[in-house]
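Just below is one structure, and these are the notes that go with it.
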Number of protein chains: 2
Amino acid sequence: MATQSSTLVKPLGKQRILEAAIAYADEHGVEMLTMRKIADKLGCGVMSLYNHVANKEEMLVGMVDIVAGEIELPQVNDDWKGSLRASAANAHKVLLRHKWAPAQWSLRMPGPARIRYMDAILQVLTEAGLEPKLVYSGYHAVTMHIIGFTLQEIGYLQVLDADFDELANEFLKELSGDFPYMAEHVRAHLNEDCCGSDEFGFVLDLILEGLERIDH
Amino acid sequence: MATQSSTLVKPLGKQRILEAAIAYADEHGVEMLTMRKIADKLGCGVMSLYNHVANKEEMLVGMVDIVAGEIELPQVNDDWKGSLRASAANAHKVLLRHKWAPAQWSLRMPGPARIRYMDAILQVLTEAGLEPKLVYSGYHAVTMHIIGFTLQEIGYLQVLDADFDELANEFLKELSGDFPYMAEHVRAHLNEDCCGSDEFGFVLDLILEGLERIDH
DNA sequence: ACCTGAACACCGTTCAAGT
DNA sequence: ACCTGAACACCGTTCAAGT
C-alpha cells in the first residue's frame, strides 16, 4: 500500500538531513551523533545519506553553517557598538540553543552563511570609520569573544550538571584549603547575583569600548 | 632472553601513557588518537592501558591537565597586568605546541594542574585590588581570551594548510564580489605586517586595560 | 597487581546491485 | 538519479584468563 511513490514519503535532500542531524546533536550532543542514528531518525538506510552528503565532515560543516545562518546580522548604522552588541547577544542565544556548535565553529571550514556573517561584522567595523589595524584586530576580538566566551560557558554548564553533588560538597571543601581564590570564584558562580548580571555583554563592552578609545 | 623481568622493559604507568598520547596528538591530531595507537606506540596490548586509565575520557582529561601544568603561573607582584600578560603569552605558546588542547580545554573537567592555574590567575586579580565583580568578570575575560583566541588561530592555521591553493585562487576571487570586507580581511591575513604584530597580546591588552580603567 | 587476547557492539565508508 | 544491504576496516570497552 504505502509504496515508494507515496507522497507521504518525503524526499531526502541535504537540507532535511542537516536539520535532523542538528536536532539530534542539540538533544544528545555531537559526540553521540552518528550517520546511522540520523538515518534511523529519517527512516532510511545509512547509505542513502551519502547521496546528498559526501561524508560526516561535510555534514558537520553544513550543520555549523545552518547555525551561522540563524544568527541575526549586525545592522550598518551610526551606532556600531550597539549594532555589534545586539548581534553578538543574538549569536550567544543561538549558540546556547546548539551547544555543540562553538567547539566545531573555529575548527571547520566556514560555509557561505558563516562567511556572510563574518563579512557583516567586518563591514560594521569598517563603516564605523575605525582605522584598518583596528578593524583587523577588532574583528578577531569580537568573534573570539562570541565563540570563546560561549564555549567556556557551555563547558561550565556541562561540568555543573555532570556532578553537581561532588562539586558542591567534597570539591568545594577540598578546594578551600589549597585553592582559596578558586573556591571563592566557584562560590560567586553559585550565587544568584552573578548569574543575573550579563557577563557576556560586560566582557564584550570591555572590548568594544577599548577599541573605541584606542581609535581616539 | 628479553624476558618480562628485563629492566629494558619500562613499566607502563599513567604518566607514560599520557605522554605517549600527547606526543601522538601533537603529531597527528586528537581525532586520530586511538587507544590502539597508543598501545602500539608503547609496545603493549590495548587492554594494558586500562590498568592505569579508566577510559578514553579520563585519558583526555589527564592529557589536558599535563598541558595545563606546562604553563608558567603568573607571578604575584605589583605589576598585575604585566604578570598576566607574561603568563598568557606563555600559555599561548604552550597551546600552539599542543594544537588539539584548546578544543578540549573548556569542555572537560579540570584536573589539579588546571585548577592550580585558575587559582593563580584569580589570585593575581584579587591581590591587584580589583573589586570582586571585576575579579569575577576579569577572570572570565582573560581565560576566554587565552583559549578562545588560540582556538580561533589554530582553526585558521588548519584551514590554511588544508587547501591554500583554493583559498588564494578561486576563493579570494569569488569572495571579492559578494564579500568585499571578508576578502580584504583575508588579504590582510596573508600580508606579512599583520602576522608580525602581536595580535594575541594586543587583544589581551584591550581587556586588561579595560579592567583597570573601570576599576578607577 | 599487572598484563592480555578474544569477543562484542558499535563506527564511517566502499562497493556492487537494485529502482 | 536516487536508494540500499552486505561487507570492510576500524573503534572503545567487557570479560575471562593468564602471570
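In what follows, chains carry the letters A, B, and so on, assigned in the order in which the sequence lines appear, proteins first and then strands, with residues in each chain numbered from 1. Reckoned from all heavy atoms, side chains included, excluding hydrogens, waters and symmetry mates.
Following rounding to the nearest Å, A:Met35 (CE) and D:dT4 (C1') show an atom-to-atom distance of 14 Å. Spacing between atom CD1 of A:Ile38 and atom P of C:dC11 amounts to 11 Å, rounded to whole angstrom units. Whole-Å rounding puts the B:Ile17 CD1 to C:dC3 P distance at 8 Å. Between B:Met59 atom CE and D:dT13 atom C1' the separation is 13 Å, expressed in whole Å. One can place CG of B:Asn55 at 8 Å from P of D:dT14, the figure rounded to the nearest angstrom. As rounded to whole Å, 20 Å separates atom P of D:dA1 from atom CG of A:Leu49. Here C:dT4 presents its P atom at 11 Å from CG of B:Leu42, a figure rounded to the nearest Å. Between A:Met32 atom CE and C:dC10 atom P the separation is 11 Å, expressed in whole Å.
Between A:Lys37 and C:dC10, a side-chain N or O to OP1/OP2 separation shorter than 4.0 Å is absent. When the side-chain nitrogen and oxygen atoms of A:His52 are compared with OP1 and OP2 of D:dC3, one or more of them lie within a distance under 4.0 Å.
Both B:Arg36 and B:Leu12 sit near DNA chain C, but only B:Leu12 has its closest nucleotide nearer the 5' end.
Of the possible donor and acceptor atoms, one in the side chain of A:Arg114 sits under 3.5 Å from a partner among the backbone N and O of A:Trp105. In this structure, A:Asp205 contributes its side chain and A:Phe202 its backbone to no donor-acceptor pair below 3.5 Å. Remark: side-chain polar atoms of A:Asn90 are not paired, donor with acceptor, to backbone N or O of A:Ile71 under 3.5 angstrom.
Base contact: B:Met47 has a heavy atom under 4.0 Å from a base atom. Counting non-hydrogen atoms under 4.0 angstrom, B:Thr34 reaches the backbone sugars and phosphates but no base.
Residue A:Asn51 has its side chain nearest to D:dC3 when only D:dT13, D:dC3, C:dT4 are considered.
Separation of atoms CZ (B:Arg36) and CD1 (B:Ile38) is listed at 12.0 Å; rounding is to 0.5 Å.
Checking A:Tyr181 against B:Glu127 by side-chain atom types alone, a donor-acceptor pair falls below 3.5 Å. Side-chain polar atoms of A:His145 and A:His92 form no donor-acceptor pair below 3.5 angstrom.
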Worksheet item: Could you spell out the base pairing of DNA chain D in dot-bracket, with Watson-Crick or G-U pairs whose two distances are under 3.5 Å, [ ] crossing and | to another strand?
Response: ||.|||||...|||||.||
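No salt bridge links A:Lys93 with A:Glu72; every basic N to acidic carboxylate O contact stays at or beyond 4.0 Å.
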